[in-house]
Amino acid sequence: RQVHEVQSYMGRLETSDKESVHLVENEIQARIDNIFSNLERLEILSSKEPPNKRQNAKLRVDQLKYDVQHLQTALRNFQHRRYLREQQERQREELLARTFTTNDSDTTIPIDETLQFNESLQSAHRGMDELIGSGTSILQGLRDQRVTLKGTHKKILDVANMLGLSNTVMRLIEKRAFQDKFLMLGGMAVTCLIMFLVVQYLT
């Protein structure tokens with residue numbers, strides 16, 4: 001129920017105005033922290049379950065932890081994008097508010113190659129900061145998912161042995177884990193390639 005409540009609050013972020021978006025973010029973070037605290041208690045309680053129910057209880061706790069980690073990553077991505085938008089808006093407002101003084105009734109606006117190069121360099125830096133921030137969030141999410149999947153995979157194997165699943169199902173599970181590993185490596189490679197291309201062409 002708490003996870004669903006956080007998901008509903010996440011839907012409000014995109015439609016919130018500047019005055020209330022911080023309140024929504026703080027509310028979401030507080031609820032996520034509360035869920036993590038409850039998950040710690042659930043892990044302790046699941047270890048006290050009877051042996052025939054213990055594995056299933058731990059699997060459910062791990063699934064909840066994975067869902068909450070995904071929500072935490074999504075919140076960080078939104079906050080990073082909001083920070084970049086606000087920074088760009090401040091810079092635009094500062095540029096529009098800048099005043100030029102007259103010099104003997106002759107008004108001049110100094111625009112030269114150095115200024116244009118500086119603006120291009122700042123634009124490239126902003127693009128790199130945004131890309132690096134997104135890449136960092138994605139990599140952190142992938143690391144969290146990898147840790148969770150490894151633990152879940154091990155517990156699934158234990159449960160499968162207990163339930164006597166067939167070797168075919170076991171091979172399918174291992175094949176899916178192998179494919180997920182290559183998907184993660186492929187995503188990291190594509191992110192690095194995009195960062196290289198941005199640096200190459202924007203600077």
Side-chain angles (χ1 to χ4, degrees), residues 1-86 130 132-163 165 169-170 172-188 191:
R1 180 180 59 83
Q2 292 178 342
V3 171
H4 287 308
E5 289 177 354
V6 172
Q7 290 173 342
S8 66
Y9 270 92
M10 291 291 293
R12 302 181 188 176
L13 284 175
E14 297 294 340
T15 57
S16 299
D17 53 25
K18 294 181 180 180
E19 289 73 16
S20 61
V21 66
H22 296 285
L23 298 177
V24 178
E25 289 177 355
N26 293 336
E27 179 66 23
I28 292 175
Q29 188 61 60
R31 288 175 180 269
I32 289 177
D33 293 339
N34 184 45
I35 294 175
F36 275 126
S37 176
N38 290 335
L39 286 174
E40 293 177 357
R41 295 171 55 194
L42 283 176
E43 285 182 338
I44 297 175
L45 293 175
S46 64
S47 63
K48 298 179 181 180
E49 288 286 328
N52 60 335
K53 296 182 179 180
R54 189 175 304 161
Q55 291 292 338
N56 185 38
K58 288 183 177 180
L59 281 175
R60 296 178 64 184
V61 173
D62 288 340
Q63 180 62 44
L64 282 172
K65 186 182 296 184
Y66 171 79
D67 293 339
V68 179
Q69 288 173 347
H70 180 72
L71 291 173
Q72 181 72 78
T73 301
L75 178 60
R76 289 173 181 170
N77 288 338
F78 177 83
Q79 290 174 329
H80 181 71
R81 293 195 304 270
R82 178 182 57 78
Y83 171 76
L84 291 176
R85 288 197 302 268
E86 292 177 353
E130 183 176 357
I132 290 173
S134 299
T136 302
S137 299
I138 292 172
L139 290 176
Q140 183 61 40
L142 289 173
R143 292 192 192 101
D144 295 340
Q145 294 177 15
R146 181 173 178 268
V147 172
T148 304
L149 288 173
K150 285 180 65 177
T152 305
H153 178 251
K154 183 176 182 298
K155 290 179 174 61
I156 288 176
L157 292 177
D158 295 338
V159 174
N161 291 330
M162 292 175 60
L163 298 178
L165 294 178
V169 176
M170 297 292 292
L172 289 175
I173 295 174
E174 293 177 354
K175 181 179 179 181
R176 177 58 184 273
F178 185 74
Q179 292 174 347
D180 289 342
K181 179 180 179 181
F182 273 95
L183 285 175
M184 182 188 71
L185 294 176
M188 293 172 64
T191 301

In this structure, are over 12 heavy atoms from other groups packed under 6.0 Å from F36 atom CZ? yes

If you compare all heavy atoms of S46 against all heavy atoms of R54, which two are closest, and at what distance to 0.1 Å? O-CG, 3.4 Å

Show the nearest heavy-atom pair for residues Q2 and N34, with the distance to one decimal. NE2-ND2, 3.4 Å

Could you check whether atom NE2 of H70 has more than 12 heavy atoms from other residues, nucleotides or ligands sitting under 6.0 Å from it? no

Before accepting this row, confirm whether a basic side-chain N of the pair E43/K58 lies closer than 4.0 Å to the acidic partner's carboxylate O. no

For Y9 versus V24, what's the shortest heavy-atom pair and its separation? O-CG1, 3.9 Å

So, taking the atom named NE2 in H22 and the one named CD in E27, what distance separates them when rounded to the nearest 0.5 Å? 15.5 Å

Salt-bridge contact R82-E25 (side-chain N to carboxylate O under 4.0 Å): yes

So, taking the atom named CG in D33 and the one named CG in N38, what distance separates them when rounded to the nearest 0.5 Å? 11.0 Å

CZ (R60) with more than 12 external heavy atoms under 6.0 Å: no

One pair to check against side-chain contact (heavy atoms from CB on, under 4.5 Å): N77 and R81. What are the steps and the verdict? CA-CA 6 Å; N77 288 338; R81 293 195 304 270; 3.7 Å; yes

Checking side-chain contact (heavy atoms from CB on, under 4.5 Å) against L71, which of I28, I35, V3 comes through? V3

One should read off an interatomic distance between E40 CD and K65 NZ, to the nearest 0.5 angstrom, of 8.0 Å

Pair L183-D180, side-chain contact (heavy atoms from CB on, under 4.5 Å): steps then yes or no: CA-CA 5 Å; L183 285 175; D180 289 342; 4.1 Å; yes

Would you compute the distance between atom CG of L42 and atom CG of D62 and round it to the nearest 0.5 angstrom? 11.0 Å

Assess the residue pair Q29 and Q72 against the criterion (side-chain hydrogen bond (donor to acceptor under 3.5 Å, both in side chains)); give the C-alpha distance rounded to whole Å, side-chain angles, the decisive distance to 0.1 Å, and a yes or no. CA-CA 8 Å; Q29 188 61 60; Q72 181 72 78; 3.0 Å; yes

Pick from V61, D67, L59: which one makes a side-chain contact (heavy atoms from CB on, under 4.5 Å) with Q63? D67

